[in-house]
Each structure stands twice: as structure tokens, then as C-alpha cells.
Amino acid sequence: MRASLIQIAVDPDESVEDRRVRAASLVVAQRGADLVVLPELWPVGAFAYTAFEAEAEPLEGPTHEVMAKAAAEAGVWLHGGSFVERADDGTLYNTSLVFSPEGERSAFYRKIHRFGFDQGEAVMMGAGEELVTVALPDTTLGLATCYDLRFPEQFRGLVDAGAETLIVAAGWPERRRSHWTLLAQARAVENQAYVLAVGTAGTHADVQQAGHSMVVDPWGEVLAQAGADEEILTVELDADKVRATREQFPALKGRRLGLAPPL
Ligand SMILES: NC(=O)CCC(=O)C(=O)O
């Protein structure tokens, strides 16, 4: 399975609409891939909190429309990254979209763990409540967004739901890049799964993005890693490698659940 990770630059001197057009063209240029992935909040920027309200859109808004068309034109499974969704009740969410090669929406995922503690996303957005997996012909995707990466229990839940390829769409800052790399490899090793971790490039809202998108295999080997600038990583994944790894080294079957708490 050929996967392309689009590490798109998010810079304030480009309008959201212009970036939507550019992102769609980058997706269409990946014709021949099986799966294409975009990062977190690439339309507005993961740290552009002051623009969230103004750039919020309905689930089936402009980003949904251009990504659906791009998936169909390229004939690829597309994780279209995430955007600021305004739900029918007015709540904002950090929402990811997945489209089939026919341009049909297969899933949407609202980020469960909101970043910011007492500011930004954590206070401006609602929290997703559901784990989301997407069955592709060769593998099952498990969806996560940026800060979710720090919560191993979410990934265990995705693996227990059948996920073999873990997608992390992110807007991870450069100043914590070491955590990005470490955690992406950790999630791959502990879950014996591929991790496709795709970040943004550039600087927005005075936050330099880490870029350094990466693909990690079920043994924790980094198969490919981008630099800091806008870049597209394309890798060949062997979906059977996940099952073979789990059979050769069945650590997931060794979990001891439901242990009594210490007295
Ligand atoms: N957009 C994010 O979720 C940022 C997460 C982050 O900076 C961190 O976990 O560190």
C-alpha cells in the first residue's frame, strides 16, 4: 500500500481559500497512491486560535467539498486532515475527514484530547467522544489528532477495535519535536502498528511547526522522515507486516487487564 503524507506549510501570508486550492492540487498530484494524509487544522493553523471562530465551517463545508473532489479526482483514500467544524449546536470541533477513492465521506473524527490546558483549543472547542477506525481494502486505519498522541489508551482502544495503521494528523510545535518523534515511535512499538504521523511546516501564530512527519513500522523502525519544510513523504507499506509482527512477537496478547488496585 502506497501512502503519501503531505506536510503542507501553514503560513499567515496565504489565505485559507488559497491553501484549500493548493492542498487539493497536492492531493490530486498523488494519483497512484492508495492513501494520502494531510495534517491537523491545515486550513487555519493549529495555533491560530483567534481565527477559529471566523474560519469555522459546517461538517460539509468548503474543506469537505474540496477534499471530496480531490479524493475522487486522484482516486485515493484520503485522510483530509482536520478543520474547525461548527456543529449544528454551534460547538466547535477539531474534525478530521476520511474519503473513499470515489469521493464519498467514509468517516469523520472529532479530536478527543484538546490541547491548551486553560486556553485555546481546550476552552474554545468541544471534545470528541468516539474512537474512529476506517476499514480500507488492505488495512484498518485508527484516527488520532496531535495531542491525542500523548494518550496511549486511545491507541490501545483503536487497536482493540481492529486498527493496524495509526494516523496522527498534527500541528506539532518545533519546541517539542523530541516528544513528537519519541511518542510516534512508542505508539508504533507498543501497538505493533504502522504510525503515519503528519505535521505541518512553517510558522503561524508565532509558533514554529516541527514538520518532521514520519512513518514508523510495527517494530518501531522509522521508514521515512521529512525535514522542517513543506514536503511530501511517499512510502510503501506492507499491511501483512502488522499481522506477522503480532504473530511473531505476540506482546499484545500478554496484557494483564483488570488488575486490582494497590491496597
Ligand atoms: N495541536 C496540538 O494538539 C499540539 C500538541 C502539542 O503541542 C503537544 O502535545 O506537545
Side-chain angles (χ1 to χ4, degrees), residues 5-12 16 19 23 37-57 63 79-86 91-97 108-132 142-158 166-188 190-191 195-214 216 225-226 228 230:
L5 285 63
I6 300 178
Q7 178 173 292
I8 193 168
V10 176
D11 291 307
V16 170
R19 191 153 43 251
V37 188
L38 277 159
E40 176 189 34
L41 292 179
W42 56 267
V44 65
F47 288 87
Y49 303 137
T50 58
F52 282 2
E53 278 289 346
E55 295 298 346
E57 43 187 310
T63 297
H79 180 304
S82 72
F83 69 101
V84 180
E85 177 205 357
R86 178 179 277 112
T91 305
L92 301 187
Y93 292 98
N94 184 336
T95 300
S96 295
L97 300 166
F108 69 93
Y109 164 65
R110 289 170 169 165
K111 184 178 182 181
I112 292 170
H113 301 91
R114 296 161 296 163
F115 182 70
F117 311 114
D118 59 352
Q119 63 175 335
E121 179 187 30
V123 298
M124 297 179 70
M125 289 185 157
E129 300 291 342
E130 295 181 13
L131 296 175
V132 176
L143 306 190
T145 306
C146 209
Y147 189 48
D148 288 334
L149 185 61
R150 293 181 180 274
F151 300 88
E153 58 273 18
Q154 176 168 340
F155 292 79
R156 277 291 202 249
L158 290 168
L166 302 167
I167 306 283
V168 185
W172 201 276
E174 169 60 20
R175 58 178 173 267
R176 290 188 291 276
R177 175 157 46 104
S178 62
H179 294 189
W180 165 253
T181 302
L182 180 65
L183 291 168
Q185 286 184 269
R187 298 291 91 84
E190 68 193 7
N191 293 294
V195 167
L196 277 54
V198 54
T200 49
T203 297
H204 70 272
D206 295 325
V207 178
Q208 181 182 352
Q209 295 294 288
H212 287 80
S213 301
M214 56 198 292
V216 190
Q225 186 163 36
E230 181 163 301

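Both ligands and their constituent atoms are indexed starting at 1 by order of listing.
- Atoms CZ and CZ, on Phe108 and Arg110 in that order, are 5.0 Å from each other to the nearest 0.5 Å.
- Within ligand 1, counting atoms from 1 as listed, the ones closer than 4.0 Å to a heavy atom of Pro173 are 7 (O).
- At under 3.5 Å, a nitrogen or oxygen of Lys111, whether backbone or side chain, sits near a nitrogen or oxygen of ligand 1.
- Which parts of ligand 1 touch Arg150 is read off a 4.0 Å heavy-atom cut-off, strictly below it: atoms 8 (C), 9 (O), 10 (O).
- The salt bridge (Lys or Arg N to Asp or Glu O under 4.0 Å) search around Arg177 returns Glu174, not counting sequence neighbours.
- The pair Arg86-Glu53 meets the salt-bridge criterion, since a charged nitrogen lies less than 4.0 angstrom from a carboxylate oxygen.
- Note that the CH2 atom of Trp172 and the CD atom of Glu40 stand 10.0 Å from one another [nearest 0.5 Å].
- Closest heavy-atom approach to atom 7 (O) of ligand 1 within the set Arg176, Arg175, Arg177, Gln209: this belongs to Arg176.
- Partners of Glu57 under the salt bridge (Lys or Arg N to Asp or Glu O under 4.0 Å) rule, at least two apart in sequence or in another chain, are Arg20.
- For atom 2 (C) of ligand 1, the closest heavy atom belonging to the protein is Cys146 SG, 2.9 Å.
- The shortest N/O to N/O separation between Tyr147 and ligand 1 falls below 3.5 Å.
- Looking from atom 1 (N) of ligand 1 to the surrounding protein, the closest heavy atom is Glu40 OE1, 2.9 Å.
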Between Tyr147 and Phe151, does a ring pair (Phe, Tyr, Trp, His ring centres under 6.0 Å) hold up when you go through it step by step?
CA-CA 8 Å; Tyr147 189 48; Phe151 300 88; 5.1 Å; yes

